[in-house]
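Have a look at the structure below before the remarks.
In the text below, chain A, chain B and the rest are named by the order of the sequence lines, each starting its count at 1. Bear in mind the structure is a predicted one, so any value in this text is a computation, not a measurement.
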2 protein chains.
Amino acid sequence: MTSDETAVVTEDVIESIERSAEVYGLSRSAGRVYGVLYFADGPLSIPELVEETGYAKSTISTVTRKLTRIGMIHRRSSQGGGRRVRFAPESDLWFVVQDVFRQYVDREMELTQRTFERALDDLEDLDGDRSDRRREQIADLAETYEQFQTLLTMAMNHSPEELIAAIEQSDLD
Amino acid sequence: MTSDETAVVTEDVIESIERSAEVYGLSRSAGRVYGVLYFADGPLSIPELVEETGYAKSTISTVTRKLTRIGMIHRRSSQGGGRRVRFAPESDLWFVVQDVFRQYVDREMELTQRTFERALDDLEDLDGDRSDRRREQIADLAETYEQFQTLLTMAMNHSPEELIAAIEQSDLD
DNA sequence: TTGTTTGTTCAGCATGAGCCGAACAAACAG
DNA sequence: CTGTTTGTTCGGCTCATGCTGAACAAACAA
């Protein structure tokens with residue numbers, strides 16, 4: 001731990017990353033680990049992360065596994081041989097968001113739409129004002145949901161630059 | 001509680017709404033309350049919601065307050081006079097999303113950007129390789145974040161139809 | 001071999017959120 | 001006024017989650 005005038009400034013930014021991590025459903029420790037790795041001079045091992053973050057070894061082990069699974073950090077394993085594993089941050093966060101979306105949200109939305117479709121099928125056979133109203137209500141819900149789904153799927157297949165350009169372009173009309 | 005052949009089908013849809021509510025950071029009970037109101041024949045009072053959902057009165061009171069605050073349901077108060085308050089669902093969910101975003105996420109992101117700017121200012125005065133590297137790293141982060149911010153802000157100022165059309169249009173190039 | 005370092009797993013503790021029932025306040029009906 | 005209905009607030013319970021320390025396994029060094 002060498003003397004470093006930039007440490008204080010960096011600390012503020014890492015705390016900000018911590019808070020953002022929490023907003024997006026990760027733990028504070030996960031944000032801290034990512035932040036430390038982001039500013040590190042190279043990949044860090046678990047003991048080094050323990051030293052830098054102050055968290056227990058077990059916490060670092062769990063957190064690094066989770067962050068690796070969602071692609072926010074990467075294992076630079078077997079570098080220089082040995083058992084020692086090192087972690088490096090993924091700097092393209094948009095890529096991470098897209099990947100997480102594809103794994104979780106997308107699946108959930110498809111399941112929901114399937115439920116709507118099945119409900120509409122079941123109502124097909126029924127007569128009466130009530131079932132007519134239900135059909136309409138569920139069809140409305142399904143349409144809104146499908147719109148969200150379409151929008152998010154399209155967003156996940158483009159870069160932020162492309163999306164911003166597309167919307168700006170359409171605003172010129 | 002009259003006999004209703006559509007109840008079974010509706011139940012599946014409400015459960016689906018419950019799960020979606022959880023995904024977006026609300027409680028299961030909040031999803032249930034919204035679902036019941038969505039399919040109700042008119043605004044419901046707290047005792048009626050207790051009857052329909054099975055939750056305790058205190059839970060309904062808390063949940064309706066929260067849903068009202070974020071605009072997912074509305075108080076149809078003082079209808080027919082008296083103290084009895086009734087709740088109706090907001091059917092335009094995109095509107096709700098936009099509103100919640102403006103209140104919470106937007107504020108959080110602006111705060112984060114302010115932190116980045118302050119950090120860059122502080123680093124201005126320092127010399128040396130390390131502070132040069134820090135400046136670059138933080139500038140990268142800030143740029144990514146600003147891109148997200150821009151994108152989301154733009155999304156919040158358009159309808160889903162407009163957004164989908166804009167992206168589809170740009171895909172034709 | 002024996003000792004050291006690295007990494008994982010697991011039981012236990014603390015904290016926070018959701019929900020409940022009870023107590024309370026407010027409005028109305030008789 | 002007394003009793004009933006509606007709505008809010010609060011203490012307490014339960015469950016999930018983050019974090020820890022300790023025990024364990026695996027690789028290396030002596």
Next on the checklist: Can you tell me which nucleotide in dG7(D), dC19(D), dC20(C) comes closest to the side chain of V85(B)?
Outcome noted: dG7(D)
Item to check | Of the listed nucleotides dG21(C), dT6(C), dT8(C), the one nearest the side chain of A56(B) | outcome: dG21(C)
Checklist entry - Between atom CZ in R75(A) and atom P in dT6(C), what is the gap in whole Å? => result 15 Å
Next on the checklist: If the cut-off is 4.0 Å, is S29(A) near the phosphate of dC19(D), judged by side-chain N/O to OP1 or OP2?
Outcome noted: yes
Checklist outcome for this item: Looking only at dT9(D), dG21(D), dC19(D), the nucleotide nearest the T62(B) side chain is dT9(D)
Checklist entry - Can a side chain N or O of S61(B) be found less than 4.0 Å away from OP1 or OP2 on dG7(D)? => result no
Item to check | Nearest-nucleotide pick for K57(B), side chain only, options being dT6(D), dT9(D), dT20(D) | outcome: dT6(D)
Item to check | Check: Y145(B)/S20(A) side-chain N/O donor and acceptor closer than 3.5 Å | outcome: yes
Checklist outcome for this item: Which of dC19(C), dT8(D), dG18(D) is nearest the side chain of S27(A)? It is dG18(D)
Checklist entry - Taking OP1 and OP2 of dG7(D), is either one under 4.0 Å from a side-chain nitrogen or oxygen of R65(B)? => result no
Item to check | Side-chain H-bond candidate by donor/acceptor type, Q147(B) with E161(A), under 3.5 Å | outcome: yes
Checklist outcome for this item: Taking dT20(D), dG7(D), dT8(C) as options, the one with an atom nearest any side-chain atom of P47(B) is dG7(D)
